[in-house]
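The structure under discussion appears below in the form of structure tokens.
Note that the numbering runs from 1 along the sequence shown for the chain. Atoms within a ligand are numbered from 1 in the order they appear, just like the ligands themselves. Keep in mind the model is a prediction, meaning the values are calculated, not measured.
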Amino acid sequence: MEKLEMLYEGKAKKVFRTDDPKLYIVDYKDDATAFNGEKKGTIAAKGVVNNTMSAIIFEMLETKGIPTHLVKLLSDRETLVKAVTILPLEVIIRNVAAGSFSKRYGVEEGRPLAKTVLEFSYKDDALGDPLINDDHILALELATEEQLVIVKKYTYAINAALQEFFLDKGLKLIDFKIEFGLCDGEIILADEISPDTCRLWDVKTNEKMDKDRFRRDLGNVESTYQEVLARIKN
Ligand code: TMP
């Protein structure tokens with residue numbers, strides 16, 4: 001399968017058309033941004049880590065009954081995926097307080113939550129991806145009520161599967177962000193699952209093993225991405 005013209009370039013990936021209108025090729029870059037693009041940098045070989053890790057995780061999720069866009073890994077940085085229309089929603093699960101949740105509600109990072117939190121952001125860079133609720137989503141027609149039910153059902157199932165998967169690798173899943181797309185009218189998991197989109201803390205030391213090392217200048221960014229991939233592959 002060959003890459004034809006580029007359809008879209010995001011902050012971390014490029015998407016290409018193929019000769020099959022139902023299939024796209026995603027090409028992962030090493031570019032890293034934070035704070036809505038305010039902070040820019042590169043993380044050497046991040047594209048390889050995120051591409052490989054996403055494929056392994058999406059394959060695992062398929063075995064648990066979650067439909068995904070994954071067709072097949074093509075190379076270090078490229079994956080063949082089903083063409084989808086992305087729902088303009090970032091779906092976030094929080095198992096432990098961290099990041100913007102801690103900041104917004106004034107709770108210390110690492111505090112366990114009495115209830116798993118599912119949050120939506122409206123995927124719009126110009127607006128800074130604002131927090132949005134079910135009513136806002138329906139009022140703005142970003143998704144239908146039926147689609148929201150399915151998105152939530154899949155998201156909780158993905159959380160359960162990911163928590164178990166990562167714990168087996170010595171990683172605690174603090175929170176994560178996922179995106180869904182529409183393919184022939186069906187909701188399927190799209191985008192990526194990687195250290196860019198999850199907070200992962202080492203089970204024994206609570207060391208941050210994710211993009212917070214870049215966001216917060218904690219050092220050992222590249223080696224941490226490599227360590228996470230090595231654990232995932234084992
Ligand atoms: P937050 O605490 O900054 O809202 O982030 C929640 C989770 O979402 C965290 O695992 C990082 C991930 N995330 C993204 O994947 N993309 C983003 O643009 C942001 C802000 C967060």
Please evaluate residues Asn36 and Asp129 with respect to the criterion side chain to side chain donor-acceptor pair (under 3.5 Å), reporting the C-alpha separation (whole Å), side-chain torsions for both, the decisive distance (0.1 Å), and the verdict. CA-CA 8 Å; Asn36 201 18; Asp129 301 335; over 6 Å; no
Check the pair Val203 / Leu167 against side-chain contact (heavy atoms from CB on, under 4.5 Å), numbers first and verdict last. CA-CA 8 Å; Val203 168; Leu167 204 53; 3.8 Å; yes
Where ligand 1 meets [X] - atom numbers and elements under 4.0 angstrom, heavy-atom basis:
{"X": "Thr197", "value": "10 (O), 12 (C), 15 (O)"}
{"X": "Asp196", "value": "15 (O)"}
{"X": "Arg94", "value": "1 (P), 2 (O), 4 (O), 6 (C)"}
{"X": "Phe176", "value": "10 (O)"}
{"X": "Gly99", "value": "2 (O)"}

Decide whether a cation-pi geometry holds between Lys152 and Tyr156; the criteria are a distance under 6.0 Å from NZ or CZ to the six-membered ring centre and an angle within 45° of the ring axis.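 Checked: cation-pi criterion not met.
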Listed partners of Asp212 passing salt bridge (charged side-chain N to carboxylate O under 4.0 Å, His left out), at least two apart: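 Only Arg199, Arg215, Arg216 meet the salt bridge (charged side-chain N to carboxylate O under 4.0 Å, His left out) criterion with Asp212.
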Sequence neighbours excluded, which residues qualify as salt bridge (charged side-chain N to carboxylate O under 4.0 Å, His left out) partners of Lys177?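 So Lys177 forms a salt bridge (charged side-chain N to carboxylate O under 4.0 Å, His left out) with Glu179, Asp191.
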Who's the nearest protein heavy-atom neighbour of [atom], and how far?
{"atom": "atom 9 (C) of ligand 1", "value": "Asp175 OD1, 3.1 Å"}
{"atom": "atom 18 (O) of ligand 1", "value": "Glu90 OE1, 4.3 Å"}
{"atom": "atom 8 (O) of ligand 1", "value": "Lys177 CB, 3.4 Å"}
{"atom": "atom 5 (O) of ligand 1", "value": "Arg199 NH1, 3.5 Å"}

Taking Arg17 for its side chain and Leu7 for its backbone only, find out whether a donor-acceptor pair lies under 3.5 Å.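 No.
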First locate atom CD1 of Ile132, then atom CG of Leu142, and finally report the distance between them rounded to the nearest 0.5 Å.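 So the CD1 of Ile132 and the CG of Leu142 are separated by 5.0 Å.
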Can you confirm, on distance only, whether ligand 1 has an N/O atom lying under 3.5 Å from any N/O atom belonging to Ser100?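 Yes; at least one N/O pair falls below 3.5 Å.
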Would Thr79 and Asn51 count as having a side-chain donor-acceptor pair, cut-off 3.5 Å?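 A donor-acceptor contact under 3.5 Å links the two side chains.
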Taking a cutoff of less than 4.0 Å between a non-hydrogen atom of the residue and any ligand atom, is Arg215 in contact with ligand 1?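 Under 4.0 Å: yes for Arg215.
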Any protein heavy atom at under 4.0 Å, with atom 12 (C) of ligand 1 as the reference point?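 It does: a protein heavy atom is found less than 4.0 Å away from atom 12 (C) of ligand 1.
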At under 4.0 Å between heavy atoms, which part of Ser121 makes contact with ligand 1: side chain, backbone, both or neither?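 Neither; nothing of Ser121 gets under 4.0 Å from ligand 1.
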